[in-house]
Amino acid sequence: MRKINVRTSTPYEVLIERGLISRCGEHIAQVTKSRRAAVITDDIVGGLYAETVMSSLRSAGFEVSIFTFPNGEQSKNLSVLAGIFDFLCESGLTRSDIIVALGGGVVGDITGFAAASYLRGVDFVQIPTTLLAQVDSSVGGKTAVDIAGGKNLVGAFKQPVLVICDSDTLRTLPQETLSDGMAEVIKYGMIRDEKLFELLEKHDISDIDSVMDEIVYTCIDIKRDVVEHDEFDRGERMILNFGHTIGHALEGWHHYTDYTHGMGVAAGMCLITDRLAPQLSERLKRCVQAYKLPTGTDIPMSELLPFCSKDKKREYSSISYIVCPTVGRAEIRKAAVAEFDRIMEG
Ligand code: NAD
Ligand code: GLY
């Protein structure tokens with residue numbers, strides 16, 4: 001088993017091994033004195049993996065309850081959150097018990113926020129089951145729900161007490177969801193690790209499973225390093241947003257339907273690289289294509305750019321964006337909105 005120690009304000013381990021969810025109970029028992037666990041999941045992941053997780057928890061001596069909500073981003077809202085609070089209350093969960101998030105980034109984000117706020121904070125474990133959740137959202141402590149005004153606008157920093165990554169669970173993902181996660185994996189190669197990028201160049205979406213454990217380990221280790229330096233997202237953590245400024249604009253233009261986050265990130269990385277590091281464009285695009293992701297968009301920049309300045313977390317009149325001048329190195333740059341628009345309209 002591979003282990004990564006994340007040394008944030010509350011430190012924790014990430015465990016990575018194929019088949020690990022069937023032994024999750026024994027590992028969770030080591031991070032809590034309690035023997036009462038509440039599992040939160042969605043209907044797809046619950047149908048596939050809840051029984052394995054619950055039976056392992058029971059074998060380790062836990063009394064287990066489960067809450068299941070409909071899968072998808074549309075569930076990451078205040079009303080499902082209220083349902084989770086009611087369930088935790090009805091289950092008699094106390095502050096010393098443990099909550100287990102079993103699923104993708106949606107389950108992890110809403111469960112993490114429930115754990116941050118229920119009884120002013122209950123420990124929680126992440127068992128991420130999408131590639132995006134394993135390499136990105138389960139580590140680093142960002143939790144949130146969406147409100148009418150935008151995505152992830154209500155949330156908290158709350159680190160898990162343990163993350164359990166079982167890359168066997170990725171084998172049941174639809175190809176589009178695996179590709180989505182690969183956009184973030186390519187991003188890690190671009191911002192920090194040319195060797196990772198070279199490994200991705202040797203494979204494609206059809207055979208990437210053969211090196212998945214190595215990829216998950218490498219990406220989490222990069223995220224660990226970034227988050228340890230800037231846990232509360234005041235500076236360096238921004239490099240994780242490579243491709244995301246235009247990516248979020250593309251998602252927004254498509255009203256968050258029929259266009260996934262990974263597609264946005266992939267196209268966003270290619271578009272900014274086209275403008276500011278054109279010598280890398282062909283190499284990046286070949287890699288992006290190998291994982292069945294888009295390398296650009298037909299939508300005119302003039303239609304997309306207004307969505308960049310609608311980002312509620314943006315500083316007033318300027319935009320910070322990320323450029324990779326070489327593979328494996330990222331720079332944070334800042335420009336007035338008008339200047340950024342001029343660069344992108346190129
Ligand atoms: P998701 O959680 O909606 O999962 C995608 C789909 O895959 C869902 O239908 C889910 O039921 C299904 N699924 C999950 N695991 C499966 C498996 N093993 N087999 C088959 N189907 C499975 O989406 P996601 O891409 O994992 O996460 C996206 C969310 O993550 C967004 O809400 C985004 O804001 C958030 N996010 C958070 C952070 C963070 O740092 N907290 C970082 C990046 C993204
Ligand atoms: N996914 C970006 C971050 O964790 O900061």
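Whatever order the structure lists ligands and atoms in, that order sets their numbers, starting from 1.
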Next on the checklist: Show me which atoms of ligand 1 lie under 4.0 Å from any heavy atom of K151.
Outcome noted: 34 (O)

Checklist outcome for this item: Counting from 1 in the order shown, the ligand 1 atoms closer than 4.0 Å to a non-hydrogen atom of T130 are 4 (O), 14 (C), 15 (N), 24 (P), 26 (O)

Next on the checklist: If I apply the N/O under 3.5 Å rule, does I44 come out as touching ligand 1?
Outcome noted: no

Next on the checklist: With nothing but distance in play, are any N or O atoms of T169 less than 3.5 Å from an N or O of ligand 1?
Outcome noted: yes

Checklist entry - Tell me, do I319 and F340 make a side-chain contact under 4.5 Å, heavy atoms counted? => result yes

Checklist entry - For T129, is at least one N or O under 3.5 Å away from an N or O on ligand 1? => result yes

Checklist outcome for this item: Counting from 1 in the order shown, the ligand 1 atoms closer than 4.0 Å to a non-hydrogen atom of V45 are 11 (O), 13 (N), 14 (C), 15 (N), 16 (C)

Checklist entry - Taking the minimum heavy-atom distance to atom 40 (O) of ligand 1, which of Q74, K142, K76 ranks first? => result K142

Checklist entry - Who's the nearest protein heavy-atom neighbour of atom 20 (C) of ligand 1, and how far? => result T172 O, 3.2 Å

Checklist entry - Got an N/O contact under 3.5 Å between N241 and ligand 2? => result no

Item to check | Min side-chain heavy-atom separation P160-V125 under 4.5 Å | outcome: no

Next on the checklist: Can you name the atoms of ligand 1, numbered from 1 with element, that are less than 4.0 Å from a heavy atom of N152?
Outcome noted: 34 (O)

Checklist outcome for this item: Within the 4.0 Å heavy-atom cut-off, what D136 brings close to ligand 2 is side chain

Checklist entry - Looking at ligand 2, does any of its N/O atoms fall within less than 3.5 Å of an N/O of K142? => result yes

Next on the checklist: Are E184 and L240 packed together at the side-chain level, in the sense that at least one heavy-atom pair is separated by less than 4.5 angstrom?
Outcome noted: no

Checklist entry - Taking atom CZ of R120 as the centre, does the number of heavy atoms from other residues, nucleotides or ligands within less than 6.0 Å exceed 12? => result no

Checklist entry - What's the shortest heavy-atom distance between C165 and V14, and which atoms? => result SG-CG1, 4.2 Å

Checklist entry - Does the pair R283 and F197 meet the rule for a side chain to side chain contact (heavy atoms under 4.5 Å, CB included), with working shown? => result CA-CA 10 Å; R283 190 174 172 198; F197 195 87; 3.8 Å; yes

Checklist entry - Closest non-hydrogen protein atom to atom 24 (P) of ligand 1, residue and atom name please, with distance? => result G105 N, 3.5 Å

Checklist entry - Quick one: nearest non-hydrogen protein atom to atom 11 (O) of ligand 1, plus distance? => result D42 OD2, 2.8 Å

Checklist entry - So which of L173, L132, L178 gets nearest to atom 25 (O) of ligand 1, if we judge by its closest heavy atom? => result L132

Item to check | Within-4.5 Å side-chain heavy-atom neighbours: R329 and E194 | outcome: no

Checklist entry - Under 3.5 Å, N or O to N or O, is V106 touching ligand 1 that way? => result yes

Checklist entry - Does the pair R224/E228 count as a salt bridge with the N-to-O cut at 4.0 Å? => result yes

Next on the checklist: Using a plain distance cutoff, I'd like to know if N71 has any nitrogen or oxygen under 3.5 Å from a nitrogen or oxygen of ligand 1.
Outcome noted: yes

Item to check | Identity and distance of the protein heavy atom lying nearest atom 38 (C) of ligand 1 | outcome: S137 CB, 3.2 Å

Next on the checklist: Can you name the atoms of ligand 1, numbered from 1 with element, that are less than 4.0 Å from a heavy atom of D136?
Outcome noted: 42 (C), 43 (C)

Next on the checklist: Less than 3.5 Å apart, any donor N or O on the side chain of Y256 or E73 sitting next to an acceptor on the other?
Outcome noted: no

Checklist entry - Is there side-chain contact between T41 and F67, with heavy atoms separated by less than 4.5 Å? => result no

Item to check | 4.0 Å heavy-atom contact, M238 with ligand 2 | outcome: no

Checklist entry - What's the shortest distance from atom 4 (O) of ligand 2 to any protein heavy atom, and which residue and atom give it? => result K223 NZ, 2.6 Å

Checklist entry - Hey, are E236 and R192 close enough for a salt bridge, meaning a charged N less than 4.0 Å from a carboxylate O? => result yes

Item to check | Criterion side chain to side chain contact (heavy atoms under 4.5 Å, CB included) on M182 and I205, from CA distance to verdict | outcome: CA-CA 8 Å; M182 284 309 301; I205 194 71; 4.2 Å; yes

Checklist entry - Does the pair S56 and C24 meet the rule for a side chain to side chain contact (heavy atoms under 4.5 Å, CB included), with working shown? => result CA-CA 6 Å; S56 173; C24 65; 3.8 Å; yes

Checklist entry - Does the distance from a Lys or Arg side-chain N to an Asp or Glu carboxylate O, for R35 and D97, drop under 4.0 Å? => result no

Item to check | Atoms in ligand 1 flagged as close to L48, the criterion being non-hydrogen separation under 4.0 Å | outcome: 19 (N), 20 (C)

Checklist entry - Taking distance alone, with no angle check, do E73 and ligand 1 share an N/O pair under 3.5 Å? => result yes

Checklist entry - Hey, does H255 have a side-chain heavy atom less than 4.5 Å from the side chain of D258? => result no

Checklist outcome for this item: Counting from 1 in the order shown, the ligand 1 atoms closer than 4.0 Å to a non-hydrogen atom of Y49 are 18 (N)

Next on the checklist: Could you identify the single nearest non-hydrogen protein atom to atom 35 (C) of ligand 1 and state the distance to 0.1 Å?
Outcome noted: D109 OD2, 3.3 Å

Checklist outcome for this item: min-distance protein heavy atom vs atom 7 (O) of ligand 1 -> T177 CG2, 3.9 Å

Checklist entry - Taking the non-hydrogen atoms of K223, is any one of them nearer than 4.0 angstrom to ligand 1? => result yes

Item to check | Under-4.0 Å salt bridge between E339 and R342 | outcome: yes

